[in-house]
Amino acid sequence: QVQLVESGGGLVQAGGSLRLSCAASGRTFSSYSMGWFRQAPGKERVFVTAITRSGTSTYSADSVKGRFTISRDNAKNTVYLQMNRLHPEDTAVYYCAARRGPGVGRLVSEYADWGPGTQVTVSS
């Protein structure tokens with residue numbers, strides 16, 4: 001099990017940028033692939049992007065490709081989400097999650113450990 005805490009959320013104007021961080025506890029961070037999900041009010045939690053254990057491969061939802069970038073620093077037990085050219089429809093609570101095993105996962109059910117989330121609000 002790994003404990004996760006997100007930070008970096010806030011209010012930003014459309015077209016702006018934010019960088020989210022997710023700090024993980026424990027000594028086995030590099031054994032987890034990591035993902036970011038988001039949940040808008042009244043909607044389901046959906047996949048945003050994910051990164052493999054080594055950080056060499058990533059996978060992103062079409063809605064954020066070219067705008068959002070996931071990265072990780074295994075020495076710091078941290079995963080990042082750089083969000084550029086933000087749209088009002090990106091407004092949501094953003095969650096990081098940890099998944100054991102190779103590759104990446106796109107389904108909520110594949111991830112066992114979740115952070116409490118951080119609010120991102122994009123004004124028009």
Side-chain angles (χ1 to χ4, degrees):
Q1 188 177 6
V2 60
Q3 283 74 48
L4 304 171
V5 179
E6 304 93 341
S7 62
L11 174 64
V12 63
Q13 289 188 331
S17 299
L18 279 176
R19 189 193 195 202
L20 306 183
S21 299
C22 174
S25 65
R27 303 177 182 177
T28 60
F29 178 68
S30 60
S31 67
Y32 295 86
S33 61
M34 299 296 296
W36 285 96
F37 291 74
R38 65 187 181 187
Q39 187 167 18
K43 296 188 176 181
E44 293 183 345
R45 191 170 299 188
V46 297
F47 172 77
V48 176
T49 186
I51 190 166
T52 55
R53 294 175 295 184
S54 64
T56 54
S57 295
T58 64
Y59 183 85
S60 297
D62 288 344
S63 59
V64 305
K65 281 181 181 177
R67 299 189 300 123
F68 291 11
T69 303
I70 187 172
S71 61
R72 67 189 296 163
D73 186 337
N74 285 344
K76 295 183 178 180
N77 282 12
T78 303
V79 62
Y80 305 97
L81 180 62
Q82 178 67 45
M83 304 186 294
N84 299 327
R85 292 186 282 129
L86 283 159
H87 305 157
E89 51 266 37
D90 294 318
T91 294
V93 177
Y94 282 72
Y95 299 89
C96 71
R99 169 186 172 275
R100 282 199 177 273
V104 296
R106 293 177 294 160
L107 303 178
V108 170
S109 59
E110 295 183 75
Y111 291 81
D113 300 299
W114 294 82
T118 186
Q119 176 71 46
V120 171
T121 303
V122 185
S123 62
S124 57

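Residues take their numbers from the sequence shown, with the count starting at 1.
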Enquirer: If you look at every heavy atom in Ser54 and Arg72, which pair is closest and at what distance?
Expert: C-CD, 4.5 Å
Enquirer: Counting distance only, does the side-chain N/O of Thr91 pair as donor-acceptor with the main-chain N or O of Val122 below 3.5 Å?
Expert: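 It does hold such a pair.
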Enquirer: Is there a side-chain contact between Val120 and Arg38 in this structure, where contact means two heavy atoms from C-beta onward sitting under 4.5 Å apart?
Expert: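 Not in contact.
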Enquirer: Which pairs of donor and acceptor atoms, one on a side chain in residues 78-86, lie under 3.5 Å apart (sequence neighbours left out)?
Expert:
residue : atom : partner : partner atom : Å
Thr78   : OG1  : Lys76   : O            : 2.8
Gln82   : NE2  : Asn84   : OD1          : 2.9
Asn84   : OD1  : Ser17   : OG           : 3.0
Arg85   : NH2  : Gly66   : O            : 2.7

Enquirer: Please, which pairs that meet disulfide bond (SG atoms under 2.5 Å apart) have at least one residue in residues 50-106, sequence neighbours excluded?
Expert: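 For residues 50-106: Cys22-Cys96.
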Enquirer: With a sphere of 6.0 Å drawn around CZ of Arg67, does it hold more than 12 non-hydrogen atoms of other residues, nucleotides or ligands?
Expert: yes
Enquirer: Between atom CD1 of Ile70 and atom OG of Ser57, what is the distance when rounded to the nearest 0.5 Å?
Expert: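 Ile70 atom CD1 to Ser57 atom OG measures 11.5 Å (nearest 0.5 Å).
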Enquirer: Which atom names give the shortest non-hydrogen contact between Ala14 and Ser124, and what distance separates them?
Expert: CB-CA, 4.4 Å
Enquirer: For Asp113, give me all partners under salt bridge (charged side-chain N to carboxylate O under 4.0 Å, His left out), at least two apart in sequence or on another chain.
Expert: none
Enquirer: Determine the minimum heavy-atom distance between Ala97 and Leu4, stating which atoms define it.
Expert: CA-CD1, 3.7 Å
Enquirer: Got a sec, which residues hit side-chain contact (heavy atoms from CB on, under 4.5 Å) with Ala112, two or more places apart in sequence or on another chain?
Expert: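 By the side-chain contact (heavy atoms from CB on, under 4.5 Å) rule, Ala112 matches no residue at all.
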Enquirer: Of all the heavy-atom pairs spanning Gln39 and Lys43, show the shortest one and how long it is.
Expert: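 Nearest pair, atom of Gln39 first, then Lys43: NE2-O, 3.1 Å.
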Enquirer: Listed by chain and number, what are the salt bridge (charged side-chain N to carboxylate O under 4.0 Å, His left out) partners of Arg53, not counting sequence neighbours?
Expert: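 Not a single residue meets the salt bridge (charged side-chain N to carboxylate O under 4.0 Å, His left out) criterion with Arg53.
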Enquirer: Does the side chain of Glu6 come within less than 4.5 Å of Tyr94's, by heavy atoms?
Expert: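 No, every pair of side-chain atoms sits at 4.5 Å or beyond.
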Enquirer: Do the side chain of Ser25 and the main chain of Val2 share a donor and acceptor less than 3.5 angstrom apart?
Expert: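 The answer is no, because no donor-acceptor pair under 3.5 Å joins these two groups.
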Enquirer: Can you tell me how far CZ of Phe68 sits from OG1 of Thr49, rounded to the nearest 0.5 angstrom?
Expert: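 If I round to the nearest 0.5 Å, the distance is 9.5 Å.
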Enquirer: Quick one: which residue pairs count as a ring-ring contact (aromatic ring centres under 6.0 Å, His included) with a foot in residues 12-41, not counting sequence neighbours?
Expert: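 Qualifying pairs: Phe37-Phe47, Phe37-Tyr111, Phe37-Trp114.
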Enquirer: To the nearest 0.5 Å, how far apart are OG in Ser7 and CZ in Arg19?
Expert: 9.5 Å
Enquirer: Could you check whether any side-chain N or O of Ser33 sits under 3.5 Å from a backbone N or O of Arg99, counting only pairs where one atom can act as donor and the other as acceptor?
Expert: yes
Enquirer: Linking I/L/V/M/F/W/Y whenever any side-chain heavy atoms sit under 4.5 Å apart, do Val12 and Val64 land together?
Expert: yes
